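Throughout, a chain's letter reflects where its sequence line sits, starting with A, and its residues are numbered from 1. Being a predicted model, the structure only gives us computed values, none of them experimental.
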There are 2 protein chains.
Amino acid sequence: MEARPDLAAMMGPIGRTLVAMELPILREHELSMWGYAVLSSLDDQPVHTQAALAEAINADKTRLIAVLDDLQSAGLIERRPAPGDRRARVLTITPEGRRLRNAVQAAIRVEEERLLEVLPPDQRAVFVDALRRLSAASKP
Amino acid sequence: MEARPDLAAMMGPIGRTLVAMELPILREHELSMWGYAVLSSLDDQPVHTQAALAEAINADKTRLIAVLDDLQSAGLIERRPAPGDRRARVLTITPEGRRLRNAVQAAIRVEEERLLEVLPPDQRAVFVDALRRLSAASKP
DNA sequence: TATTGTTATACTCTATAACTATA
DNA sequence: TATAGTTATAGAGTATAACAATA
């Protein structure tokens, strides 16, 4: 067993660097971190209840409400009553929301690739693929 | 440019899984997350001011004080006045502190390796090495 | 004047409980 | 009775400001 720092001890600084890199980009687009998470989640497919969205992005459903209010009043998402259940709200991203989300993600991607440049070229794809596998296995 | 989730979006769930895995181990040894971070930092070498320790583990110096009080009264660290500067305190880990730290880290390592089993064997070392490079580059 | 450790205070984020309207 | 969304409240964690001792 080789000596190395704990995984969490290594991931902490990387995570802080990623957040510090994203915050200016988000602020430039007048979007909060949670707002961006919501847009990213809705970009894949519409969600049929706010509770489901909260669980999908690991947020508290009570905390999401102000976020959704802001996104809706900014015209980035739509909150329509669900056809079958008048309690629920169907959440969809608007074309403008998708445009904004794509712009933000593209800017973030540029910075991410810059960070990944500290890795030997043949390690980069392996690292990203490993992250994908581990995050998929960490869903619960 | 291949499509993939943001790095932060993938690291979030992994980080939560790691924390959820560590908490029971820490509780079993009656150690807080910050206490473990302090012991791990001091295990490498003594630190000559509390402020330096705070910066090393990315903590607020005011928040560290209660943590150090607990560790000291548990006999896991020593806080001695610095020879040259009577304001400062030299922080050292005790033999018992080192024993505890090693036990906790060994238990964490077992669980980490179990998580890494979702990766193809030839990806594991690459992933850990990439984490090490990225965290080293994320120090500021 | 600046720094070390400390205490006290304020603030942010998050979770808990309670309410309404539907089912 | 249970669930979706909402609101209001309480709690944990964190940062900010101010202090005494020393440099």
Side-chain angles (χ1 to χ4, degrees), chain A residues 8 12-13 15-20 22-23 26-27 31-38 41-42 46-73 76-92 140, chain B residues 8 12-13 15-20 22-24 26-27 30-38 41-42 46-73 76-92 140:
Chain A
R16 277 189 295 273
T17 296
L18 288 172
V19 170
E22 291 186 9
L23 283 181
L26 292 168
R27 179 161 24 206
L31 204 55
S32 70
M33 191 73 83
W34 283 115
Y36 178 60
V38 168
S41 178
L42 293 183
V47 173
H48 290 77
T49 72
Q50 296 182 184
L53 173 62
E55 192 188 350
I57 64 176
N58 234 285
D60 197 292
K61 68 170 179 172
T62 67
R63 190 163 16 97
L64 262 191
I65 292 174
V67 177
L68 296 177
D69 288 346
D70 291 348
L71 291 175
Q72 184 176 28
S73 70
L76 302 173
I77 67 168
E78 277 187 355
R79 235 190 315 197
R80 297 190 323 249
D85 187 338
R86 276 192 296 175
R87 295 172 303 179
R89 310 252 188 276
V90 178
L91 302 169
T92 53
Chain B
R16 277 189 295 273
T17 296
L18 287 172
V19 170
E22 291 186 9
L23 282 181
L26 291 169
R27 177 160 26 206
E30 294 180 8
L31 204 55
S32 70
M33 191 73 83
W34 283 116
Y36 179 60
V38 168
S41 177
L42 292 183
V47 174
H48 291 77
T49 72
Q50 295 182 186
L53 173 62
E55 193 189 348
I57 64 176
N58 233 283
D60 196 292
K61 67 171 180 172
T62 67
R63 190 162 16 97
L64 262 190
I65 292 174
V67 177
L68 296 177
D69 288 345
D70 291 349
L71 291 175
Q72 184 177 28
S73 71
L76 302 173
I77 66 168
E78 278 188 354
R79 235 191 314 198
R80 296 190 325 247
D85 187 338
R86 276 192 296 174
R87 295 172 303 180
R89 309 253 187 276
V90 178
L91 302 169
T92 52

First and last nt of DNA chain C near chain A, cut-off under 4.0 Å to heavy atoms, 5' to 3', are dT14(C) to dA23(C)

inquiry  = So does A37(A) get a backbone contact from the side chain of S41(A), meaning a donor-acceptor N/O pair under 3.5 Å?
reply    = no

dist L53(A):CG -> H48(A):NE2 (nearest 0.5 Å) comes out at 12.5 Å

L64(A) atom CG is separated from dA4(D) atom P, nearest whole Å, by 14 Å

Shortest non-hydrogen pair, E22(A) vs A8(B), comes out as OE2-CB, 3.5 Å

Closest non-hydrogen contact found for V90(B) with P83(B) is CG2-CD, 4.3 Å

Rounded to whole Å, the NE2-C1' distance (H48(A) to dG5(D)) equals 17 Å

Sorted by chain and number, sequence neighbours left out, side chain to side chain donor-acceptor pair (under 3.5 Å) with T62(B) holds for D60(B)

Heavy-atom contacts, protein to nucleotides 13-23 of chain D, under 4.0 Å, summarised as B (base), S (sugar-phosphate only) or - (none) per nt, yield -SSBB---BBS

Given the options D69(A), T92(A), L71(A), R79(A) meets side chain to side chain contact (heavy atoms under 4.5 Å, CB included) only with D69(A)

Scanning both residues in full, the closest heavy-atom pair of V47(A) with A52(A) reads CG1-CB, 3.8 Å

Separation between CG (L91(B)) and CD (Q72(B)), nearest 0.5 Å, reads 9.0 Å

